[in-house]
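Notes follow once the structure below has been shown.
Reminder, nothing fancy here: chain letters follow the sequence lines and each chain counts from 1. Owing to the predicted nature of the structure, the values given are computational and were not obtained by experimental measurement.
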Protein chains: 2
Amino acid sequence: MARRNDHTREEIQGMAIDATRTLIATEGLEGVSARKVAQHIGYTVGTLYQNFDNIHELILHANAFSLTQLLAALEKVYQAEPRPLPRIISIANTYLDFGQKHEKQWAAIFRHTLPQDFVMPDWYQARIDALFSLIERAVWELAPSRDKKQIQLASRTLWSSVHGICILNTGNKLYSENIATPQTLMQSLVTNYLSAWIQEGSRA
Amino acid sequence: MARRNDHTREEIQGMAIDATRTLIATEGLEGVSARKVAQHIGYTVGTLYQNFDNIHELILHANAFSLTQLLAALEKVYQAEPRPLPRIISIANTYLDFGQKHEKQWAAIFRHTLPQDFVMPDWYQARIDALFSLIERAVWELAPSRDKKQIQLASRTLWSSVHGICILNTGNKLYSENIATPQTLMQSLVTNYLSAWIQEGSRA
DNA sequence: TTGAATGGTAAACATTGTTCAATTATGCTT
DNA sequence: AAGCATAATTGAACAATGTTTACCATTCAA
């Protein structure tokens, strides 16, 4: 049995988050339970509940970790590709790849529903914001003359759509006879949407 | 207590599905439990489990009902609007509306995850297929000269994107300062994507 | 060394899905 | 009409979930 001061509060929290991440990666979100996490780190549920208010907080931390990884991957391709349009396409494909390669983690992020009263913590919302802000930057690079409102509208539209393709791709195989790969859909979406959007701008 | 032959098997099943629907509509997916449904229809859990293999089947039936309602609404605007492009826009907006007006039901459909081993029943998959087929028809009307592969690609891309906007709209308020309404995003997506897609076709 | 504060545990509660032996009502047969 | 087989219904039980809390044990300060 673990004894007092074997680990600091912070260490226990870190271990618990790690354990949650492994559980998600191996068994999926449904495989996460307070007792399993506790057992994983050599403590009891009680101890877990002294470090986290509830299980949602724990899952949120694990998901935030995944979001950080995703964000890092996106930032990387942002840096690697200077040309505005190919850059956006790369980012979209990386987003898609991440969902495919880390299917369980992806599902955990977007299928996890928190209870009514639960308020999403700032540090979590911050990752989501960072994500959208990255896209906004990339779209701005593509059309720096457009005003902020238009950039925001286009990036939110585009990213909701990209996200939609990723969602329908993972889990439910909506592409029954794999006539078209999700990459093809992604290509079609980004190039078509953006080319028309740019034309719309040059017309004004 | 309910006695034998008060209701036929079919009646009990119908009542149970109705009860599930009400529970979803009022308390959301998380508000559904076998015992609650049973109590609602004046029977016991045991009886429920003689009419349904498990709770997922029950939820699936309730969701199928919602999908049928959605499909009916979409078919209606399909009939009402003969012009191909406005028709697609109408359908997309109706899709969005449905998600907004029946938020709980919508969430129940798209957030409900069934266990690994569970195979999606045919009668359920059929509704999804009907949905995609409706869009394919509408896209075909817009560009009847394009070949089947291209129609399929475009409709799946478009509808995944439409779906993405709906998803990010419900629940998590990703449009923090409501700078743009989801309707605006929808408009931007459909018109831009389709106008470029049509141009791409006329070039070939 | 003693006592207060805190780390940790184990047991308990309520609520889930699910199963099943026992009971009870029904309809058929004699 | 009586009895019996069949099928419907119950209610209790199981395991697993999240969450709380009374209690025990360890550490550190006085």
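- Considering only residues two or more places apart in sequence or on other chains, A:Glu27 meets the salt bridge (charged side-chain N to carboxylate O under 4.0 Å, His left out) condition with A:Lys36.
- For A:Trp106, the ring pair (Phe, Tyr, Trp, His ring centres under 6.0 Å) partners are A:Tyr95, A:Phe110, A:His163, not counting sequence neighbours.
- For residues 54-67 of chain B, proximity to DNA chain C is found at B:Asn54, B:Ile55, defined as any non-hydrogen atom under 4.0 angstrom from a strand atom.
- In terms of position along DNA chain D, the nucleotide closest to B:Arg9 lies nearer the 5' end than the nucleotide closest to the other residue of the pair A:Ala34 and B:Arg9.
- Atom CZ in B:Phe52 sits about 13 Å away from atom P in D:dT9, given to the nearest Å.
- At a cut-off of 3.5 angstrom, the base of C:dG17 holds at least one donor-acceptor pair with the side chain of B:Arg35.
- Under the side-chain hydrogen bond (donor to acceptor under 3.5 Å, both in side chains) criterion, B:Tyr49 pairs with no residue, sequence neighbours left out.
- Contact between the side-chain N/O atoms of B:Thr47 and the OP1/OP2 oxygens of D:dT9 is not found at any separation under 4.0 Å.
- Under 4.0 angstrom from either OP1 or OP2 of C:dT19 there lies no side-chain N or O belonging to B:Tyr49.
- A donor atom on one side chain and an acceptor atom on the other are found under 3.5 Å apart for A:Thr184 and A:Thr181.
- Taking atom CD of A:Glu11 as the reference point, atom P of C:dG8 lies 11 Å away to the nearest angstrom.
- For A:Arg21 (side chain) and A:Ala62 (main-chain N/O), no donor-acceptor pair under 3.5 Å exists by modelled atom type.
- Atom P of nucleotide D:dT17 and atom CD of B:Glu30 are separated by 17 Å, given to the nearest angstrom.
- The distance between atom CG of B:Leu29 and atom C1' of C:dT16, rounded to the nearest whole Å, is 14 Å.
- Look at B:Thr44 and you won't find any side-chain N or O under 4.0 angstrom from OP1 or OP2 of D:dT9.
- Screening residues 54-78 of chain A for salt bridge (charged side-chain N to carboxylate O under 4.0 Å, His left out) gives A:Glu75-A:Arg137 as the qualifying pairs, with residues at least two apart or on separate chains.
- Per the geometry, CD belonging to B:Gln50 stands 17 Å off P belonging to C:dT23, to the nearest Å.
- Protein atom NE2 of B:His7 is 17 Å distant from nucleotide atom P of C:dA25, rounded to whole Å.
- Evaluation of the salt bridge (charged side-chain N to carboxylate O under 4.0 Å, His left out) test over residues 144-155 of chain A, restricted to residues two or more places apart or in two chains, returns A:Arg146-A:Glu200.
- The side chain of B:Ser33 lies closest to C:dG17 when the candidates are C:dG8, C:dG17, D:dT17.
- Map B:Val45 and A:Asp53 each onto its nearest nucleotide of DNA chain D; the residue landing nearer the 5' end is B:Val45.
- Summarising the geometry, the separation between CG on B:Asp6 and P on D:dA7 is reported as 19 Å, rounded to the nearest angstrom.
- Backbone-only contact: B:Val32 has heavy atoms under 4.0 Å from sugar-phosphate atoms and none from a base.
- Within the nucleic acid shown, A:Ile12 comes within 4.0 Å of sugar-phosphate atoms alone, with no base atom in reach, counting heavy atoms only.
- To the nearest angstrom, C1' of D:dT19 lies 14 Å from CG of A:Asp117.
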